[in-house]
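Fair warning: this is a prediction, and the values are worked out from it, not measured in the lab.
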Amino acid sequence: MRQFVVDAFTDTVFKGNPAAICVMEGWIPESLMMSITLENNFSETAFAVKEGSSYRLRWFTPGGEIDLCGHATLAAAYVILRFYEVGQTTVIFQTMSGQLTVEKDGELYKMDFPAYELKQVPVSGQMIEATGAVPVEAWMGRDLLCVFDDAEIIRTMKPNQECVKNLDGLILQVTAPGNDVDCISRSFAPKCGVAEDPVCGSGHCHIAPYWAKRLNKSNIIAVQASARGGKLYCCMNEGRVTLAGKAALYAISDLVIEGISVNSEGTP
């Protein structure tokens, strides 16, 4: 099996968010996909199989399969359009979150994603204990979004990971106004086996809608303030969000997986 490692939301290797991408002829057992994910130990390993004119795409974290991932979708589109569908500029994915379309526009990969509906919730003592700071607002979608008033709080935050596990929502997203961009953010996902996701695309399906409404503008430039860093170009359109970013190829490898063989039905 061929595996690609791509750094997403950056044009430079060793930055952005790394994802492993396996494009396969047929499905392998879910347990084997999970084992490969754990062996890679990235925040995301994605598996794709061509079905008709589109690709079925599944995303796995070390904590299990999830319903939506931005950076691994961008990385998968980069791999497919560069190595499998040469000359094409669009790829369609069938996923747990419905049909997702990615279009290559120059160096940018534009992803059409659903925007999460946000419901405001009270700021709690648990949120303050988990983040070590006092949010000015809190919102709930799939993830918990905590909003702060100072970008420096986001940059220097050292959350209590055990407390983060006790918060509602899959991932803790923290955000604040940016200095030379619209917003900055960080993403903490101990429930998924990831202390901090370097650049979280699905997180910006919460973050971009929030800032678009607050700033009364459709286009949002967002920076993820993790150690690796990353930049996302977001655009809101009728309940959907376009997330655009660049990608850089780090590695291509062949997975041998000695001692395991899989037949055409995906049975070991």
Side-chain angles (χ1 to χ4, degrees), residues 8-11 15-17 68-71 73-74 77 89-90 97-123 127 131 133-157 169-188 197-226 228-247:
F9 295 116
T10 178
D11 57 0
K15 295 183 179 180
N17 200 354
L68 186 65
C69 176
H71 83 278
T73 302
L74 190 156
T89 58
T90 301
S97 291
Q99 180 171 295
L100 305 177
T101 301
V102 184
E103 178 185 359
K104 187 177 186 297
D105 182 7
E107 293 184 338
L108 286 176
Y109 291 82
K110 296 181 177 180
M111 303 182 290
D112 175 38
F113 273 26
Y116 284 102
E117 183 177 348
L118 299 176
K119 178 182 178 182
Q120 190 163 13
V121 295
V123 172
M127 297 176 195
T131 62
V134 182
V136 295
E137 295 176 10
W139 298 78
M140 182 63 66
R142 179 198 70 179
D143 302 342
L144 174 62
L145 176 65
C146 288
V147 182
F148 298 84
D149 56 8
D150 186 351
E152 193 61 23
I153 293 175
I154 305 299
R155 294 191 185 95
T156 59
M157 185 174 290
L170 180 65
I171 301 173
L172 170 62
Q173 310 287 348
V174 297
T175 188
N179 297 323
D180 53 354
V181 293
D182 293 305
C183 63
I184 74 166
S185 62
R186 290 172 69 189
S187 305
F188 304 103
D197 196 12
V199 189
C200 186
S202 63
H204 282 79
C205 295
H206 303 72
I207 295 164
Y210 171 83
W211 287 107
K213 184 175 182 179
R214 175 167 163 175
L215 300 176
N216 193 28
K217 58 191 296 188
S218 297
N219 294 295
I220 299 294
I221 300 177
V223 163
Q224 194 104 36
S226 64
R228 291 175 64 98
K231 182 175 283 189
L232 305 92
Y233 303 87
C234 312
C235 181
M236 295 301 303
N237 183 24
E238 298 181 352
R240 307 285 295 182
V241 55
T242 298
L243 302 176
K246 300 178 181 180

Do you know the tightest heavy-atom contact between A133 and F148? CB-CE2, 3.6 Å

Output, in order, the C-alpha distance, side-chain angles, deciding distance and verdict of side-chain contact (heavy atoms from CB on, under 4.5 Å) for L68 and L100. CA-CA 10 Å; L68 186 65; L100 305 177; 3.9 Å; yes

For I221 against V181, the heavy-atom pair lying closest together: O-CB, 3.6 Å

State, without any angle test, whether E103 and T90 hold a side-chain donor-acceptor pair at a distance under 3.5 Å. no

May I ask you to decide if L243's main-chain N or O and H204's side chain share a donor-acceptor pair within less than 3.5 Å? no

Decide side-chain contact (heavy atoms from CB on, under 4.5 Å) for F188 and M157; before the verdict, give the C-alpha distance in whole Å, the side-chain angles of both, and the deciding distance to 0.1 Å. CA-CA 11 Å; F188 304 103; M157 185 174 290; 4.0 Å; yes

Work out which heavy atom in Q224 is nearest to a heavy atom in V199; give both atom names and the distance. OE1-CA, 3.4 Å

How far apart are the C-alpha atoms of C200 and I171, what are their side-chain angles, what is the distance that settles it, and do they pass the side-chain contact (heavy atoms from CB on, under 4.5 Å) test? CA-CA 10 Å; C200 186; I171 301 173; 4.3 Å; yes

How far does CG of N17 sit from CZ of R228, to the nearest 0.5 angstrom? 7.0 Å

When rounded to the nearest 0.5 Å, the distance separating CD of E107 from CG of D11 is 6.5 Å

Are more than 12 heavy atoms from other residues, nucleotides or ligands located less than 6.0 Å from atom NZ of K104? yes

To the nearest 0.5 Å, tell me how far C235 SG sits from N219 CG. 4.0 Å

Closest non-hydrogen contact found for A138 with M127 is CB-SD, 3.6 Å

Are side-chain heavy atoms of D182 and P177 found at a separation under 4.5 Å? no

Considering the options T10, L74, L108, which one meets the side-chain contact (heavy atoms from CB on, under 4.5 Å) requirement together with K246? L108

Is there a side-chain contact (heavy atoms from CB on, under 4.5 Å) between H206 and T175 once you walk through the steps? CA-CA 10 Å; H206 303 72; T175 188; over 6 Å; no

Applying salt bridge (charged side-chain N to carboxylate O under 4.0 Å, His left out) to D105 and not counting sequence neighbours gives K110

Check the surroundings of atom CD in Q120: do more than 12 heavy atoms from other residues, nucleotides or ligands lie under 6.0 Å from it? yes

Would you say the side chain of Q99 lies within less than 4.5 Å of the side chain of T101, judging by non-hydrogen atoms? yes

If I compare all heavy atoms of I220 with all of A208, which pair ends up nearest, and what's the gap? CG1-O, 4.1 Å

Between atom OG of S202 and atom OH of Y116, what is the distance when rounded to the nearest 0.5 Å? 5.5 Å

Ring centres under 6.0 Å, that's the criterion: do H71 and F9 meet it? no

Charged N to carboxylate O under 4.0 angstrom, R186 versus D197? no

